[in-house]
Amino acid sequence: MAISKTYNPKEVEEKWYTNWQQKGFFRSKPNPRKDPYTVVIPPPNVTGVLHMGHMLNNTIQDILVRRARMQGKEACWVPGTDHASIATEARVVAMLKEKGISKEDIGREEFLKHAWDWKEKYGGIILEQLKKLGASCDWERTRFTMEPDMSDAVIQVFVDLFRKGLIYRGVRMVNWDPQGKTALSDEEVIHKQVNSKLYYINYQIAGEADNYLTIATTRPETILGDTAICINPNDTRYQHLQGKEALVPLINRAIPIIFDEYVDMEFGTGCLKVTPAHDLNDYELGIKHNLPVLDILNDDGTLNSKAQLYVGEDRFVVRKKIAKELEANGQLAKTEDISNNVGYSERTDAVIEPKLSMQWFLRMEELRDPALRVVNDDTIRLHPPKFKNMYRSWMENIRDWCISRQLWWGQRIPAYYLPDGSYVVALNPEDALAQAKYKTGNPNLTIADLRQDEDVLDTWFSSWLWPISVFDGFKDPDNPDIQYYYPTNDLVTAPEILFFWVARMIMAGLEYRKEVPFRNVYLTGIVRDKLGRKMSKSLGNSPDALGLIDQYGADGVRTGMLFSSPAGNDLLFDEKLCEQGRNFSNKIWNAYRLIKGWQVDENITNPNELAINWFRAKFNVAFEQIEDHFTKFRISDALMAVYKLVWDDFCSSYLEMIKPAYQNPVDAATLDATINFLEDLLKLMHPFMPFITEEIWQDIKERSDKDYLIVAAWPKAGVADSILLERMDKAQDIIAGIRNVRNSKNIPQTKALNLAIKTQEQYILTPFEPLIQKLANLPDISYVNEGPEGSLNFVIGGNEFFIPMEGAVDPAVERERLQKELEYTKGFLAAVDKKLSNERFVNGAPPVVLEKEWQKKADAEAKIKALEQSLTAIS
RNA sequence: GGGGUGUUAGCUCAGCUGGUUCAGAGCACCUGCCUUACAAGCAGGGGGUCACUGGUUCGAAUCCAGUACGCCCCA
């Protein structure tokens with residue numbers, strides 16, 4: 001039967017994925033006879049489409065889950081998405097805008113209907129894409145952070161934390177996104193270094209027409225909100241301004257000149273304009289000096305009436321206009337180009353406006369302490385461990401979490417305002433009413449008298465509950481699922497969200513389950529292009545994920561992503577890596593074709609015992625390494641070990657050793673052993689390359705209904721015959737030596753050669769003769785005491801190898817080569833001798849090291865002797 | 001500015017508690033091969049003062065200090 005010469009992923013991927021699903025292999029139920037192995041997916045945005053980061057992240061999760069499943073654990077990978085309040089809302093607003101509808105026109109209820117429609121239509125795309133990658137999630141457990149049960153959990157937690165006194169409402173400086181018209185958490189602000197202008201502006205001193213001071217600012221439009229000028233009291237230049245006032249240019253409003261050491265004398269002119277409403281530091285300074293707060297901006301970034309000028313115009317338009325007007329007035333001293341840090345909204349890319357507003361906050365200190373402890377004491381391990389420091393420093397400097405967002409898409413804050421302006425916090429309007437009646441003593445209040453807070457909660461306020469809420473641990477804290485699956489085992493995510501997701505999950509887990517949510521956190525790197533640039537839509541340097549799968553096969557892409565992906569290091573992605581992955585698939589496929597094509601002859605006795613024993617030993621050694629890599633979360637190294645075992649040891653060495661001559665049959669024992677090896681290799685490869693391995697597994701022999709590779713038992717460790725491994729290394733060196741001679745003299749492999757060996761260890765080499773003869777094409781091997789005349793030779797260890805070759809040897813060249821090698825070896829020996837004659841070394845070094853040095857010496861001496869004899873023979 | 005972290009072959013990276021797994025892997029490169037599993041392949045090969053400077057030690061890529069450069073986080 002003919003099998004295609006190249007592996008064709010398209011034909012098999014869909015088939016096996018459907019098959020696995022139908023057989024229920026991805027499903028998980030609590031099973032007391034098995035250990036659970038649980039992973040919760042970092043829920044991708046409901047607005048997202050599969051990108052390289054997802055592919056890397058989910059491939060790693062799938063590898064861990066598939067391996068655990070094969071190890072006989074009850075593997076459960078819970079998928080889902082989060083509602084991404086700001087991103088989704090922006091998406092829906094834009095969609096409505098195209099239809100000429102504004103969100104304010106249709107109101108909250110109607111808007112949310114549109115949002116849900118949008119979610120139903122597009123929200124599942126990314127999960128479908130994960131299936132193409134081979135992700136073995138338990139899809140029946142798919143959750144969404146805004147589905148009713150998950151939302152109930154969020155509200156329940158909010159109310160609980162409020163009652164514990166950890167949630168409060170207050171006016172604070174927040175990061176305001178004037179485009180999304182919402183507050184953002186610090187983590188949602190991206191700071192970029194940009195080129196700006198520093199404007200030097202003159203403020204007249206009140207009552208002194210000829211005197212003025214000069215301030216420097218990057219934001220001239222905010223001068224309209226100034227409420228003071230501040231100077232360092234140590235600044236000798238400005239002592240004469242004590243107790244005076246300055247006039248804000250253009251509007252001539254008088255503001256005090258104050259003194260505070262906060263001001264950096266070196267920056268600008270040493271005079272700082274203070275605008276408490278529009279700068280965090282100024283705000284704090286304002287509190288200290290009791291300054292009024294003058295907020296001159298509307299929520300959309302335009303100026304309001306308090307600014308007096310340019311009312312209704314955008315802040316950036318005003319910046320240009322005011323600079324011009326100041327210049328015309330002679331109050332713009334100069335401008336300078338500078339580079340400074342500006343915050344941008346992660347979602348809308350609008351420049352963030354520090355803005356004072358009434359928000360809800362979660363107090364962090366009490367929650368922080370235990371969450372810091374469990375990472376410090378390694379109850380939770382971060383991989384790689386370098387992130388422990390980062391985690392610690394962030395946690396130690398944590399600030400209260402602004403959890404309210406001025407949006408509609410999300411869980412609405414369960415605070416209800418009473419007619420008198422006070423509020424109650426409750427699970428539902430009925431509870432709120434009861435509380436309100438009690439609080440006011442007014443039994444006539446109705447629900448209509450209560451007004452629920454307009455804002456929703458930060459999306460992370462849902463996601464931090466994820467490992468608990470996906471198992472309904474809030475709704476039903478003792479249910480069998482949460483009891484069995486929680487704490488989960490491993491979490492795979494990006495370092496970027498170590499703080500605002502991972503850390504908070506730890507806090508929530510400890511607060512609500514009294515147990516950590518996971519044991520290991522594996523932090524992947526960022527996928528960059530091969531120039532090291534972060535992949536982004538605007539750069540257009542992100543390859544189409546599904547296109548890659550289409551081109552190289554899911555297995556090829558999975559391995560491609562991992563080939564160069566050490567834990568926690570960024571991955572410089574190059575499509576060539578996927579090509580390498582595809583080539584590997586093809587290599588496996590062809591090894592299978594070879595084996596599949598063999599006919600068995602029951603009458604032949606097994607000539608390959610040595611090769612079979614050798615590969616078994618090789619497999620056992622590699623298996624141990626691979627397991628070690630896995631326990632250290634070195635997934636990329638584990639893959640590389642599998643790759644080399646399959647390609648180098650199995651294909652290039654073992655199969656070549658046992659391969660019968662063309663169209664000759666193979667003996668039953670060899671075939672049997674080889675198929676067993678192949679099956680074990682398929683098992684090791686399966687987590688990385690699920691599709692091709694299942695295809696071969698199913699094709700290689702008849703399988704029963706339940707006999708799938710995806711649930712086959714993971715190999716077990718076995719002992720490795722180290723003596724055999726060592727001797728085979730020697731044999732392989734000899735083969736390589738002969739091939740090297742062939743290459744350098746241009747002798748094709750098809751031309752048979754003879755080999756004469758001068759050795760003290762014939763007994764070791766004899767068993768390997770058939771292998772060496774086969775692989776190096778040597779009809780005859782003989783043992784000699786003297787090298788034959790006119791032969792090419794090489795030395796391995798203390799053994800000399802001669803290939804008789806009339807006329808092929810140029811004695812002069814040969815002599816030079818031998819002489820060179822002799823000199824090198826003598827130098828080497830000298831170094832060893834020097835070490836051994838050093839008394840302090842002999843006394844100080846451990847016996848094992850000494851032993852090795854003596855061995856080195858012996859080997860070198862033997863080699864020198866052999867080389868010298870060869871030289872004499874030549875001349 | 002504060003903290004973290006790194007610098008090993010052309011590229012991406014291993015290299016644990018100092019000592020033949022100490023200078024390695026994969027890719028790339030060079031040479032020769034369409035040898036009946038695979039040219040998406042086979043065989044062979046050449047590449048590195050382990051950033052720099054000192055120190056500790058019998059012995060340093062490995063430990064310590066400083067310098068240079070890079071990245072990350074925070075301000």
Side-chain angles (χ1 to χ4, degrees), chain A residues 3-7 186-187 191 264 280-281 341 384 386-394 396-399 495-496 498-499 525-526 528 530-532 552-553 556 560 563-574 576-577 579-598 625 628-629 632 634 636-637 639-641 643-644 647-648 651-652 655-656 659 661-663 735-751 775-777 828 832 834-846 848-853 855-856 859:
Chain A
I3 326 175
S4 156
K5 214 170 153 179
T6 49
Y7 168 65
D186 293 339
E187 293 79 16
H191 293 274
D264 178 358
L280 180 59
N281 297 315
N341 252 332
K386 67 176 178 184
F387 287 106
K388 202 167 155 180
N389 279 332
M390 243 166 90
Y391 180 88
R392 188 183 302 133
S393 74
W394 187 77
E396 282 167 356
N397 298 303
I398 200 165
R399 290 193 288 176
E496 302 155 310
L498 177 60
F499 309 134
I526 298 165
R528 298 175 180 275
K530 58 182 167 186
L531 301 175
Y552 300 103
F563 273 132
S564 174
S565 170
N569 276 9
D570 289 356
L571 179 156
L572 269 59
F573 181 78
D574 188 338
K576 281 205 144 164
L577 294 167
E579 201 181 311
Q580 195 187 344
R582 179 203 58 182
N583 293 355
F584 186 39
S585 299
N586 206 45
K587 186 71 190 178
I588 298 160
W589 185 248
N590 276 290
Y592 170 60
R593 275 180 70 211
L594 174 70
I595 297 164
K596 174 94 174 171
W598 286 336
Q625 284 168 354
D628 186 53
H629 286 316
K632 291 173 181 153
R634 308 178 73 139
S636 183
D637 290 333
L639 171 62
M640 190 46 72
Y643 180 85
K644 286 199 275 191
W647 199 309
D648 298 348
C651 294
S652 297
L655 288 179
E656 292 299 331
K659 191 158 106 179
Y662 179 54
Q663 286 188 332
I735 293 163
I738 294 159
R739 286 173 171 172
N740 190 3
V741 168
R742 284 183 184 278
N743 254 300
S744 61
K745 299 291 174 198
N746 243 324
I747 307 161
Q749 169 76 9
T750 42
K751 183 173 191 287
L775 295 177
N777 192 12
F828 180 80
V832 176
K834 194 179 163 197
K835 253 191 206 179
L836 284 171
S837 59
N838 181 336
E839 215 171 295
R840 289 208 275 179
F841 171 71
V842 177
N843 293 334
V848 196
V849 176
L850 269 177
E851 184 80 16
K852 281 174 182 165
E853 290 300 319
Q855 186 59 48
K856 273 201 246 179
D859 287 349

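Within every chain, numbering begins at 1; the chains are lettered A, B, ... in the order of the sequence lines, protein sequences first and strands thereafter.
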Below the 4.0 Å mark, does [N] have OP1 or OP2 next to a side-chain nitrogen or oxygen of [X]?
X      : N     : value
A:R634 : B:G15 : yes
A:R399 : B:A75 : yes
A:W647 : B:C42 : yes
A:Y391 : B:G3  : no
A:K587 : B:C42 : yes

Rounded to the nearest Å, what distance is computed from the [atom1] atom of residue [X] to the [atom2] atom of nucleotide [N]?
X      : N     : atom1 : atom2 : value
A:F387 : B:G6  : CZ    : C1'   : 12 Å
A:E579 : B:A39 : CD    : P     : 14 Å
A:L571 : B:C72 : CG    : P     : 16 Å
A:L594 : B:C38 : CG    : P     : 9 Å
A:N389 : B:U5  : CG    : C1'   : 9 Å
A:N746 : B:G32 : CG    : C1'   : 6 Å
A:F563 : B:C13 : CZ    : C1'   : 14 Å
A:R742 : B:C42 : CZ    : P     : 18 Å

Given the [atom1] atoms of [N] and [M], what is the spacing between them in whole Å?
N     : M     : atom1 : value
B:A23 : B:C27 : P     : 23 Å
B:U62 : B:C50 : P     : 9 Å
B:C30 : B:C22 : P     : 30 Å
B:G47 : B:G4  : P     : 41 Å
B:C52 : B:C58 : C1'   : 26 Å
B:G32 : B:U21 : C1'   : 31 Å
B:G59 : B:G1  : C1'   : 42 Å
B:A14 : B:G6  : P     : 10 Å

Counting side-chain heavy atoms from C-beta on, which of [options] comes nearest to [X]?
X      : options             : result
A:N586 : B:A40, B:A37, B:G26 : B:A40
A:R593 : B:G26, B:C38, B:C73 : B:C38
A:Y662 : B:G26, B:U36, B:U12 : B:U36
A:R739 : B:A40, B:A43, B:G26 : B:A43
A:R528 : B:A40, B:U5, B:C72  : B:C72
A:D648 : B:U5, B:C73, B:G26  : B:G26
A:N740 : B:G41, B:G45, B:A40 : B:G45

Could you tell me which nucleotide pairs with [N] by Watson-Crick or G-U wobble geometry, both distances under 3.5 Å, or answer none if nothing does?
N     : answer
B:A68 : B:U7
B:C13 : B:G24
B:C50 : none
B:C34 : none
B:A61 : none
B:G1  : B:C74

Tell me if [N] is syn or anti. Syn = glycosidic torsion within 90° of 0, anti otherwise.
N     : result
B:G66 : anti
B:U67 : anti
B:U21 : syn

Check every strand shown and say whether [X] touches a base, only sugar-phosphate, or nothing at a heavy-atom separation below 4.0 Å.
X      : answer
A:Q580 : sugar-phosphate
A:Y592 : nothing
A:E656 : base
A:K5   : sugar-phosphate
A:K659 : base

Atom of [X], atom of [Y] and distance for their closest heavy-atom approach:
X      : Y      : answer
A:Q749 : A:A776 : NE2-C, 4.0 Å
A:A641 : A:H629 : CB-CD2, 4.4 Å
A:F584 : A:W647 : CD1-CE3, 3.6 Å

**Message:** Are A:Y592 and A:Y7, when compared by the centres of their aromatic rings, separated by less than 6.0 Å?
**Reply:**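 They do not qualify: ring centres at least 6.0 Å apart.
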**Message:** Let's go through A:T6 and A:W589 carefully: what are the C-alpha distance in whole Å and the side-chain angles of both, what is the deciding distance for side chain to side chain contact (heavy atoms under 4.5 Å, CB included) to 0.1 Å, and is it a yes or a no?
**Reply:** CA-CA 7 Å; A:T6 49; A:W589 185 248; 5.7 Å; no
**Message:** Could you walk me through whether A:R742 and A:N777 satisfy the side chain to side chain contact (heavy atoms under 4.5 Å, CB included) test, starting with their C-alpha distance in whole Å, then the side-chain angles of each, then the deciding distance to 0.1 Å, before giving a yes or no?
**Reply:** CA-CA 11 Å; A:R742 284 183 184 278; A:N777 192 12; 3.5 Å; yes
**Message:** Both A:S652 and A:N590 contact RNA chain B. Which one's nearest nucleotide lies toward the 5' end?
**Reply:**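 Taking each residue's closest nucleotide, the earlier one in sequence belongs to A:N590.
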**Item:** Comparing A:C651 and A:N583 on RNA chain B - which has the more 5′ nearest nucleotide
**Value:**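 Result: A:C651.
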**Verdict with supporting geometry, A:E579 and A:K576, salt bridge (charged side-chain N to carboxylate O under 4.0 Å, His left out)** = CA-CA 5 Å; A:E579 201 181 311; A:K576 281 205 144 164; over 6 Å; no
**Sidechain-backbone polar pair: A:N590 side chain, A:K5 backbone, donor-acceptor under 3.5 Å** =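 Judged by distance alone, yes, a pair lies under 3.5 Å.
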**Prompt:** Should A:L775 and A:I738 count as side-chain neighbours, where that means a heavy-atom distance under 4.5 Å?
**Reply:**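 A side-chain contact is absent here, since even the closest heavy-atom pair is not under 4.5 Å.
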